[in-house]
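Reviewing the structure listed below.
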Amino acid sequence: MSNKLNLTLKVWRQESSDSHGDFVDYSMEGVNPHMSFLELLDVLNERLITEGMDPIAFEHDCREGICGSCAMSINGEAHGPVKSTTACQLHMFHFNDGDTITVEPWRAKSFPVIKDLAVDRSAFDRIIQSGGYVSVNTGSAPDGNAIPIDKETATMAFDAAACIGCGACVSSCKNSSASLFVSAKISQFSKLPQGQPEQKQRVLSMVAQMDKEGFGHCTNTGACEATCPKDISMDNISTMNKEYLKAILS
Amino acid sequence: MKLDAKIPSGDLSNKWVDYRSSLPLVSPANKQRQDVIIVGTGLAGASAAASMAEMGYNVKAFCFQDSPRRAHSIAAQGGINAAKNYQNDGDSVYRLFYDTIKGGDYRSREANVYRLAEVSGNIIDQCVAQGVPFAREYGGTLDNRSFGGVQVSRTFYARGQTGQQLLLGAYSALSRQISLGKVEMYTKHEMVDLVLIDGHAKGIIARNLVNGNIEKYAANAVVLATGGYGNVYYLSTNAMGSNVTASWKAHKKGAMFSNPCFTQIHPTCIPVSGEYQSKLTLMSESLRNDGRIWVSSKKGDKRHPSEIPESERDYYLERRYPAFGNLVPRDIASRAAKERCDAGFGAGETGQSVYLDFEDAINSMGKDTVAARYGNLFDMYAKITDENPYKTPMRIYPAVHYTMGGLWVDYNLMTTIPGLFAIGECNFSDHGANRLGASALMQGLADGYFVLPYTIGTYLSNEINKDKVTNSDSAFKDAEKEVSNKIDSYLTNDGKRTVESLHKDLGQIMWNHCGMSRNKKDLSKALNEIKELKNTFWSDVKVPGKKDTLNAELEKADRVADFIELGDLMIRDALDRNESCGAHFREEYQTDDGEAMRDDKNFSYVSTWENKGDKAEPILHKEKLLFDTVTPTQRSYK
Ligand SMILES: Cc1cc2nc3c(=O)[nH]c(=O)nc-3n(C[C@H](O)[C@H](O)[C@H](O)COP(=O)(O)OP(=O)(O)OC[C@H]3O[C@@H](n4cnc5c(N)ncnc54)[C@H](O)[C@@H]3O)c2cc1C
Ligand code: FES
């Protein structure tokens, strides 16, 4: 078993959305390298509670990298230094003894801080509500095999659909653009026959909602793709742009 | 009180169709005037909310996460069953029904299970139409895999992320109804009490988790879709927030709770690595299709697995169960692993794990095929353990995964409180004493898309002429006051024990005495330990922070308080059931070669518990199970 780590955590503490925030240092000794980053925060929180202090608020649920709840920048990178990995799946063996680690919330106007590391991401839900669906009522579906879809297309649709809606793309983008998130949904449906009838309206509504929520524009820097824990490709953004053009020109 | 399951008469295969066409209808105009509260927007709740809103009802939906897309259902990996017979391997509604009844060790209702199998095909159709990207064959048709406990290929999947894709499908349908104004969605809201008026469920009290407000919501009916309670064991594969609170509050207000001790322990999870462990990670059971499970045939063998020659490997499942081999049902696979580890043959540092080996699969079908099937699971394993499963066999151990028990419901999915319904994992209905893999997603979506939206009409059609309920009724004020007082008492208690540490203690009691195998002596001991723990909790719990901001400790405190009471009931239930069936293994009741001994003569019932308040013991009611179509036999996978 590898050696225990001594670390310093610099954590963003902010009481509420309208209060002022700041970094607070915590030293952590004897950290087991097999714990996850969130378990590190658990251990720290247990200590803070025992010492009569307020524990650090952060979102989390599945701890398996799939629900998209956990959201924090670690040393300036969304979800930390390891590629294709959410904070909950980031294990401490990726850090070195003596490290100072900075932890802060997603920084974006459209994701206001609720408390400490927890931010309000309801803008994402509203974007999906604006058109991220196929309008098919329960009970009106044809047989599942009625429309064959070739394997490659199904795989591409799946790759786009794998987005977990965590918001890392927004947080890592210097423009706070939500293009990767929005395009993944548009792209999934644009590939599938089921998505075709509403494709035009979908792309127009979702892009309009994205703008309305105050997300910035995409300038193709690629930071989103690089930090996405699910490897959602920027090709989706090209697909979205193409579909958008098609929609406004037709 | 007599439990009436309201099972329609007639031939098993026609019951549902005939019943559905005879159900009272609520006219479109009247639906517009009916409000329904749905608590929980996982697969069951989101599908129900969307479907009922489409039908015209006004829905208010609640979840505690910051978005419905994050419900625990998102984490399901392996797949969803449906009797489509696309593989032409002889599958049918009857066979899916039979496998489910048998897999559940004959502790579920024939009529409910048959209906589940019957609507399973529609679920796949619905999801495909929503744009769920299921795995496909080269010809463009849907692909299937097989799963534990069955011999046909009927599991539909989307890589190792089936739950995610199905939930996103239901979430998209829900989102559409939100945009149409038919569903009001309350995220970051936790139901903290149920409100009854004249004995009927007419609303809930919810706490806004962001600002701490205690809010009152009224409706004509309330539906719980709040998931399972595996976190009573502290460590489980459930999401951290999964809890029993909504069901438990309903239980304390009169909804009976069934088969609480039936807990599924999943055989293929990543073993515990240390004290700090907060949850356990499941490796999908689909891995057992191609992976082979073994331990060394030498006790305490500390050699690296690659140094253990073939002749010294014990493929114990293939040895004990030649017909099903590595694909025996979960309860059997889990107990067999525990048996080998307890006997000293376990692998790894702690001896608390067994190998799941893909060497043969890689040799026969190539690494690429294995990667295509299980790539993301292998990656997940590598990420957590820092080991490469393509080279070194995985190490796995059983972990708490799913709870078959839950709120008692009749054929209409209504609990013993009129107007209160329960769907998905939080009801007890379809899986008996053991659930088959890929059947929870099926049940959640069956309940939500295809059963509840119809059966709730049996209740709501009688509500049409009644006065509208509002949240100004005194029942709401009383419940609100009670909740406020309780929250204040947590925050002012100022004890020494953190909620987390008390939860861990509870987990230890439950895992050690009411886990994979149970006996009277330990269970009786555990009952006392729980009692002490409950006292410690109330006298010594320490909850920091304020009530009017995000306060995770406060949320957890109320959940753990409910878990402790549930733990007590689970132990009582396990003590009552003097037989071994499905996931419930009582050491006193086993054959000479260690197989479970069921006792149909005395225990062919659904145990159904009535809460009698904090001071009195709960009362057991029995719903006798009748088998008209299948004949219960000893479950054999040999
Ligand atoms: C790791 C893992 C893998 C699995 N894989 C499979 C699989 O491959 N196939 C399969 O069939 N099954 C699988 N299962 C089981 C299956 O995922 C679950 O049984 C199922 O998803 C439960 O769905 P549900 O809708 O009933 O509840 P959940 O998805 O748990 O949703 C519960 C909802 O209730 C809400 N809620 C809970 N309490 C409250 C409260 N007090 N107030 C307000 N809201 C509340 C939550 O916010 C959430 O929206 C798996 C389970 C796990 C743990
Ligand atoms: S907690 Fe679910 S993705 Fe991290």
Side-chain angles (χ1 to χ4, degrees), chain A residues 15-16 32 34-35 38-39 42-43 46 49-50 52-55 57 59-69 85 89 91 93 114-115 118 120-122 124-125 128-130 132-138 141-145 148-151 154 157-158 161-162 165 188-189 192 194-195, chain B residues 50-51 54 65-67 69-70 72 74-75 84 86 124-126 128-131 133-142 158-159 161 164-165 168 171-173 175-176 178-179 187 210 239-241 273-274 276-279 281 380 383-384 386 449 453 498 500 542 544-545 549-550 552-553:
Chain A
E15 175 88 25
S16 64
N32 185 314
H34 283 281
M35 45 168 94
L38 301 192
E39 286 168 343
D42 291 343
V43 171
E46 281 293 284
I49 298 166
T50 319
M53 289 190 277
D54 202 19
E59 293 283 2
H60 66 106
D61 201 22
C62 74
R63 298 203 174 189
E64 291 192 8
I66 193 74
C67 73
S69 293
T85 303
Q89 294 237 292
H91 285 261
F93 45 73
I114 297 173
K115 189 178 176 193
D120 178 349
R121 290 172 287 187
S122 53
F124 271 13
D125 281 338
I128 298 295
Q129 285 155 22
S130 73
Y133 45 76
V134 173
S135 299
V136 52
N137 282 358
T138 302
D143 185 81
N145 264 345
I149 300 174
D150 69 277
K151 196 179 169 83
F158 179 92
Q188 174 196 344
F189 287 134
L192 296 171
Q194 290 83 2
Chain B
S51 306
E54 287 162 10
Q65 290 91 349
D66 69 348
S67 163
R69 67 179 294 149
R70 308 202 200 285
H72 166 59
I74 200 96
K84 281 285 202 186
Y86 283 163
I124 302 305
D125 302 341
Q126 187 63 32
V128 168
Q130 289 167 345
F134 282 117
R136 292 189 178 254
E137 308 267 15
Y138 283 103
T141 52
L142 292 159
R159 218 169 285 172
Q161 284 149 250
Q164 179 198 26
Q165 294 309 320
L168 293 181
Y171 162 74
S172 70
S175 296
R176 174 169 161 244
I178 296 172
S179 74
T187 60
V210 175
M240 301 297 287
S273 69
Y276 50 80
Q277 190 103 23
S278 59
K279 74 156 291 186
T281 303
M380 178 148 94
K383 222 170 249 177
I384 294 173
D386 214 13
Y449 283 133
T498 63
E500 201 70 7
K542 181 184 178 79
T549 60
L550 198 61
E553 289 301 308

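Given the structure is predicted, the values throughout are model-derived calculations rather than measurements. A, B, ... follow the sequence lines: proteins, then strands. Residue 1 opens every chain.
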Can you check whether [Y]'s main-chain N or O pairs, donor with acceptor, with [X]'s side chain at less than 3.5 Å?
{"X": "B:D125", "Y": "A:A141", "answer": "no"}
{"X": "B:Q165", "Y": "A:F158", "answer": "no"}
{"X": "B:K542", "Y": "A:T50", "answer": "no"}
{"X": "A:D150", "Y": "B:G140", "answer": "no"}
{"X": "A:E39", "Y": "B:S278", "answer": "yes"}
{"X": "B:E553", "Y": "A:P55", "answer": "no"}
{"X": "B:Q164", "Y": "A:A162", "answer": "yes"}
{"X": "A:N145", "Y": "B:L142", "answer": "yes"}

Among [options], which has the most heavy-atom pairs under 4.5 Å with chain B?
{"options": "A:A161, A:C62, A:A157", "result": "A:A161"}
{"options": "A:Q89, A:M53, A:H60", "result": "A:Q89"}
{"options": "A:R121, A:E15, A:K115", "result": "A:R121"}

message: Just to verify, which of B:K279, B:R70, B:K383 counts as forming a salt bridge (charged side-chain N to carboxylate O under 4.0 Å, His left out) with A:E64?
response: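 Of all the options given, the one that passes is B:K279.
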What heavy-atom pair brings [X] and [Y] nearest, and what distance separates the two atoms?
{"X": "A:A57", "Y": "B:L550", "result": "CB-CD2, 4.1 Å"}
{"X": "A:D61", "Y": "B:G241", "result": "OD1-N, 2.7 Å"}
{"X": "B:P133", "Y": "A:Q188", "result": "CD-NE2, 4.0 Å"}
{"X": "B:I384", "Y": "A:F93", "result": "O-CE2, 3.9 Å"}
{"X": "A:H34", "Y": "B:S273", "result": "CB-OG, 4.3 Å"}
{"X": "B:R136", "Y": "A:G144", "result": "NH2-O, 4.2 Å"}

Which one wins on heavy-atom pair count under 4.5 Å against chain A: [options]?
{"options": "B:M380, B:R159, B:E500", "result": "B:R159"}
{"options": "B:K84, B:H72, B:Q126", "result": "B:Q126"}
{"options": "B:I124, B:I178, B:D386, B:L168", "result": "B:D386"}

query: Contact part of B:F134 toward chain A, heavy-atom cut-off under 4.5 Å: side chain, backbone, both or neither?
result: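 Only the backbone of B:F134 comes within 4.5 Å of chain A.
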query: By a 4.5 Å heavy-atom criterion (distance strictly below it), what part of B:A75 contacts chain A: side chain, backbone, both, or neither?
result: both
Of the backbone (N, CA, C, O) and the side chain (C-beta and beyond), which part of [X] lies under 4.5 Å from a heavy atom of chain B, both, or neither?
{"X": "A:S16", "result": "neither"}
{"X": "A:V136", "result": "both"}
{"X": "A:I114", "result": "side chain"}
{"X": "A:S69", "result": "both"}

- request: Dump the intermediate steps for side-chain contact (heavy atoms from CB on, under 4.5 Å) on A:F124 and B:D66, then the final yes or no.
  value: CA-CA 11 Å; A:F124 271 13; B:D66 69 348; over 6 Å; no
- request: Step by step, work out the side-chain contact (heavy atoms from CB on, under 4.5 Å) result for A:V134 and B:R176.
  value: CA-CA 8 Å; A:V134 173; B:R176 174 169 161 244; over 6 Å; no
query: Just by distance, with hydrogens left out, do A:D125 and B:S67 show a side-chain donor and acceptor under 3.5 Å apart?
result: yes
field: Working for side-chain contact (heavy atoms from CB on, under 4.5 Å), residues A:L192 and B:Q130
entry: CA-CA 10 Å; A:L192 296 171; B:Q130 289 167 345; over 6 Å; no
message: Could you walk me through whether A:N137 and B:E54 satisfy the side-chain contact (heavy atoms from CB on, under 4.5 Å) test, starting with their C-alpha distance in whole Å, then the side-chain angles of each, then the deciding distance to 0.1 Å, before giving a yes or no?
response: CA-CA 7 Å; A:N137 282 358; B:E54 287 162 10; 3.4 Å; yes
